[in-house]
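Have a look at the structure below before the remarks.
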Protein chains: 2
Amino acid sequence: MIFKEVPQYRKLYEKLRTLIEDGTYKRGDFLPSENELCAAHHLTRPTVRNALDMLVNDGFIIRHQGKGSIVQGQPKGIGILSLSGTTSAIGQDNLTTRIIVKPNIRSWEQAFNYEITGKEKSMGCIYMERLRLINDTPVFYDITMIPNLNLPRFTSRTFEDRSLFEILRKHYQIQVKGGEQKILAITADQRIQEHFKVKKNHPILRLDRKMETNRVGFSFFSQIYCNTSDYSLIGRF
Amino acid sequence: MIFKEVPQYRKLYEKLRTLIEDGTYKRGDFLPSENELCAAHHLTRPTVRNALDMLVNDGFIIRHQGKGSIVQGQPKGIGILSLSGTTSAIGQDNLTTRIIVKPNIRSWEQAFNYEITGKEKSMGCIYMERLRLINDTPVFYDITMIPNLNLPRFTSRTFEDRSLFEILRKHYQIQVKGGEQKILAITADQRIQEHFKVKKNHPILRLDRKMETNRVGFSFFSQIYCNTSDYSLIGRF
DNA sequence: ATTTTTTACTTGTATATACAAGTGCAAATA
DNA sequence: TATTTGCACTTGTATATACAAGTAAAAAAT
């Protein structure tokens, strides 16, 4: 297995992103100037600017010529949920994750309503089911299917604390660049009734999502059931 | 009036973007290599790469190390529905609009779940209700509330053929730049049951949306009910 | 005291250069 | 013939440098 060195600008991007996400830099704060970042991390300005460009594209900061880089706080998500998935959309404090079906490799014919390629089919997929609870109330139930190609130690990672998106980005340099989603309202079937502890005919939001990544040809899929009686999905667009 | 010089990388971006949008470069085609673009436009590679980076961020191209820049075609919309609203999301052919409550000016205290400013409250709002049918089947029911500030002849315009977004853009130079939305699944109340001709407990998708525009301080609001039993909402992100 | 100018910062644009690394094909080799 | 090697291309990363232009506050002039 070849471990490609993580480039400097990407390391700096991760550092700064983490500092914004954990609140070290709050909305309205200024990041250190580009020259200060150069000196602090022993980089040149084009490299530093490369990292800052990524933060701008993600919506974490905006820059003003002559003034500096101003932290915007949490970015606009892509699509209905935040780019970081439900974890950062809700806030990690009172959100817990219960693994219903641990990540395992299995064969697949299709991913929900989405077609998969012959290559993806032959390799099988990593399958997992998770239940997300907010203040001990089940809110999300999601099924995830990821093509089983070259993700070492993936099935042994823990998906309880961190979001899937974060693990893919930090450990495998896979970024979700966009995708497609179908959204519909359904009534809870028996399995969902049990997980959400709701009665028959309870309305449930369902999302079928295809996530496209920066690795060409690498997409993964999730189906999310959401009980919106207490929490509605909020997203910026 | 000061005309700031348009930078080189932006000019190149516009040129290439136009060539993609008008079909000169089609999906799957390769753009000229970076060195070729350098020679053709008398620029250096970092400048050319800056332009290509913008195309990547917009989703027009993807790049592959060792291969080249591959055209992806048209980029993605914003939000759950296309930027142009339901009309362009579905296709105008078999979609008809029925005005349930004609645009009228009335007072308002709030817009669905969104707060409004004192200025907006004092001016009142333009209110309208519309039912959208696909192949004569009611699918969308939406309520729109627009602050009543300086939109001459707005209430007398027809909203049956064209979408609200298009009218705002063409006649009032107002573009929707983004916004916020809440999405939830509910069961149809009596009014919705009648409009959609569905029985009790039928699951319905509801969206509360706040649209922010290029005019600072000008936002408008809509609440959309959607019967997803035949048509699910599809969106790219 | 008020206004203008200078100064010292900030980010924005652009060039020139170098090497790393992925891709695909032609040429050399077994 | 089949395989390997080398080469010529591609994009990716990084440095070093220079000047333009916006911002804000200090310094100088009125």
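Residue numbers start from 1 in every chain, and the chains themselves are labelled A, B, ... in the order their sequence lines are given, proteins ahead of strands.
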Parallel, tilted or perpendicular, judged at 30° and 60°: which one describes the rings of A:Tyr225 and A:Tyr141? tilted
Determine yes or no for a side-chain-to-main-chain donor-acceptor pair under 3.5 angstrom, with A:Tyr114 supplying the side chain and A:Asp208 the backbone. yes
Using the ring of each side chain (for Trp, its six-membered ring), is A:Phe159 parallel, tilted or perpendicular to A:Phe154, with breaks at 30° and 60°? tilted
How is B:Pro7 classified with respect to the nucleic acid when contacts are heavy atoms under 4.0 Å: base, sugar-phosphate, or nothing? sugar-phosphate
Would you kindly check if the NZ (Lys) or CZ (Arg) of B:Lys210 is within the cone defined by 45 degrees around the ring axis of B:Phe112 and under 6.0 Å from the six-membered ring centre? no
Between P of C:dC9 and CG of A:Leu31, the distance in whole Å: 19 Å
Applying a 4.0 Å non-hydrogen cut-off, can you work out what B:Ser33 is touching in the nucleic acid: base, sugar-phosphate, or nothing? sugar-phosphate
A:Ile61 CD1 to C:dG12 C1', in whole Å, measures 14 Å
Between B:Arg63 and D:dT10, is there a contact of a side-chain N or O with OP1 or OP2 at under 4.0 Å? no
Would you say C:dT13 has OP1 or OP2 under 4.0 Å from some side-chain N or O of B:Thr47? no
Separation of atom CZ in B:Arg45 from atom C1' in D:dG12, rounded to whole Å: 7 Å
Over how many whole Å does the gap from B:Phe30 atom CZ to C:dG24 atom P extend? 8 Å
Could you tell me whether the side chain of A:Asp58 and the main chain of A:Phe60 form a donor-acceptor pair under 3.5 Å? no
Walking DNA chain D from its 5' end, the first of A:Pro46 and B:Asp53 to be reached, judged by nearest nucleotide, is B:Asp53
Figure out the CG/C1' separation between A:Asn35 and D:dA18, and round it to whole Å. 13 Å
Rounded to the Å, how far apart are A:Lys67 NZ and C:dC9 C1'? 14 Å
Determine whether a donor-acceptor pair (one donor, one acceptor, N or O, separation below 3.5 Å) exists between the side chain of B:Gln65 and the base of C:dA21. yes
Would you kindly give the NE2-to-P distance between A:His42 and D:dA14, to the nearest whole Å? 15 Å
Start at the 5' end of DNA chain C and walk down; is the nucleotide closest to B:Gly66 or to B:Asn50 reached first? B:Asn50
What is the distance, to the nearest angstrom, from the CG atom on B:Leu43 to the P atom on C:dA16? 10 Å
Under 4.0 Å: is that the gap between some side-chain N or O of A:Tyr9 and OP1 or OP2 of D:dT13? yes
